[in-house]
2 protein chains.
Amino acid sequence: MPPTLTVDAVVFRLQDNDLEVLLVKRAKDPFKGEFALPGSYCSAGETSTESFERTLKVKAGCDPKQLKLVEQLYTFDTVARDPRGHAISITYMGLGKDIALQKKNATEDPDFYSLNNLPKLAFDHEIIINYAHERLRSKLAYTNAVFAMLSTTFTLTELQMAYETILGHKLDKRNFRKKILSYDLLKETGEKLTAGAHRPAMLYMFKQRALEVLVRSLD
Amino acid sequence: MPPTLTVDAVVFRLQDNDLEVLLVKRAKDPFKGEFALPGSYCSAGETSTESFERTLKVKAGCDPKQLKLVEQLYTFDTVARDPRGHAISITYMGLGKDIALQKKNATEDPDFYSLNNLPKLAFDHEIIINYAHERLRSKLAYTNAVFAMLSTTFTLTELQMAYETILGHKLDKRNFRKKILSYDLLKETGEKLTAGAHRPAMLYMFKQRALEVLVRSLD
DNA sequence: ACAAAAGTGTTAAGAATACACCCATGT
DNA sequence: ACATGGGTGTATTCTTAACACTTTTGT
């Protein structure tokens, strides 16, 4: 008799220089009406990645193809975690940009909420979100993972702001540019972005929009 | 109907400047008689850590209290992973020193095997072992995790050899000593170890025999 | 006296940090 | 002409890496 197996999804996006996470309002007890991460039971014949994708579609009206990076986080289990009894939850983190939610197809009223102002959460979901945030922060330092949270093209200032938002502190402009360019991850598009009464900014793109691990760190 | 949930254990020890992993010979099909990581089904009412500990006791005659550090690795799942059908495996890594195996109480003939000379393994267990080895290598660089694989007291040469064995390459003696001492993790015991026709070596111990995360890396 | 491992410092190269002004544009 | 964000370089400190000889012991 195996324990109950569930999947929970931590989906992050950047919006207005804020890091936001996708939450739903639970349709059923326990914690009915409270905020929670989208989650559901795993079914036989389904990998946990497939359960993750199904959960996003059904519970949050979110097409998982919009996520540019998905990574398994950790498998949480304690007997007391879920008031219904012993549950084991495999958690995944997904990152995207401009993630659309088809609320009319979603069963649990999904929306994004700023990490700086989280509502009270069901289960141990606040712990899971903090774990995911910490993982994301540390990945920024040794991978190109930000690509998943930006448009295809972006200015160096936008890139720096993404880092600052996720890390939670300011970075030095000259040092940041020197370092990120030294990694040879970016290429100039040749296009410029004119955005107001000031000098236009060069638009860059990542050479690879797939996860790359760097030798030295960036923080 | 949830998928089958199992736990697999990767237990490492250092022996004669070799990194060794605990393997069993499977008592039952599938893969009967082949080498595998100790593993079993999770039961309801049991956390996965408890399943891990029970597995070690029953399958490998290994008292889990001998492990000085235990860490969850990853949850592997693919439909094809186990010929019996869909299985999900939560994997744990355990580290110890002088790990005793009570073979007469073990159901599956446990023993340690060098990572440099692994037999053919059942399931995807070779992948899991490589994943664990990689995790261990990277943990050496930013934590004091080696403590779990050494005696309470040790010489700096022993410590360096532990690093070299796990990392798989030589380190510079003077730089290694300078760096490891600069972290302030070690204290001199005042005792010396006389071990042959040469100058005796100072014995050190870790100030904390629990996981600590360092600011800068050691490699 | 010799063999064997323990112990020890310096120099050079590279990486990280701190820091301030000119440039291109819109109004 | 002025306000706004874009773009750039240097000096200092810290970290890493390379490298060889003396010390203490047992036989």
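Residue numbers start from 1 in every chain, and the chains themselves are labelled A, B, ... in the order their sequence lines are given, proteins ahead of strands. Keep in mind it's a predicted model, so treat the numbers as computed, not measured.
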B:Thr157 and B:Arg177: side chain donor to acceptor below 3.5 Å: yes
Categorize B:Thr155 for me: base, sugar-phosphate, or nothing, with a 4.0 angstrom heavy-atom threshold over every strand shown. nothing
If I take atom CD in residue B:Glu158 and atom P in nucleotide C:dG7, what distance separates them, rounded to the nearest angstrom? 11 Å
In whole angstroms, the gap separating P of D:dG26 from NE2 of B:His198 amounts to 10 Å
Grab the CD-C1' distance between A:Gln160 and D:dG5 for me, whole Å please. 12 Å
Which residue lies toward the 5' end of DNA chain D, A:Lys178 or A:Lys192, if each is placed at its nearest nucleotide? A:Lys192
DNA chain D: 5'-proximal contact among A:Asp172 and A:Ala197 (nearest heavy atom): A:Ala197
Separation of atom CZ in A:Phe176 from atom C1' in C:dA18, rounded to whole Å: 17 Å
What is the distance, to the nearest angstrom, from the CG atom on A:Leu203 to the C1' atom on D:dG7? 14 Å
Please give, in whole Å, the distance from D:dG7 P to A:Leu186 CG? 13 Å
Return the value, rounded to whole Å, for the distance between atom CG of A:Leu193 and atom P of C:dA24. 17 Å
Rounded off to whole Å, could you give me the NZ-to-C1' distance for the B:Lys170 and D:dA18 pair? 17 Å
Does a side chain donor of either A:Thr75 or B:Thr75 reach within less than 3.5 Å of an acceptor in the other side chain? yes
Minimum-distance nucleotide to B:Arg177 side chain [options: D:dT8, C:dG7, C:dT25]: C:dG7
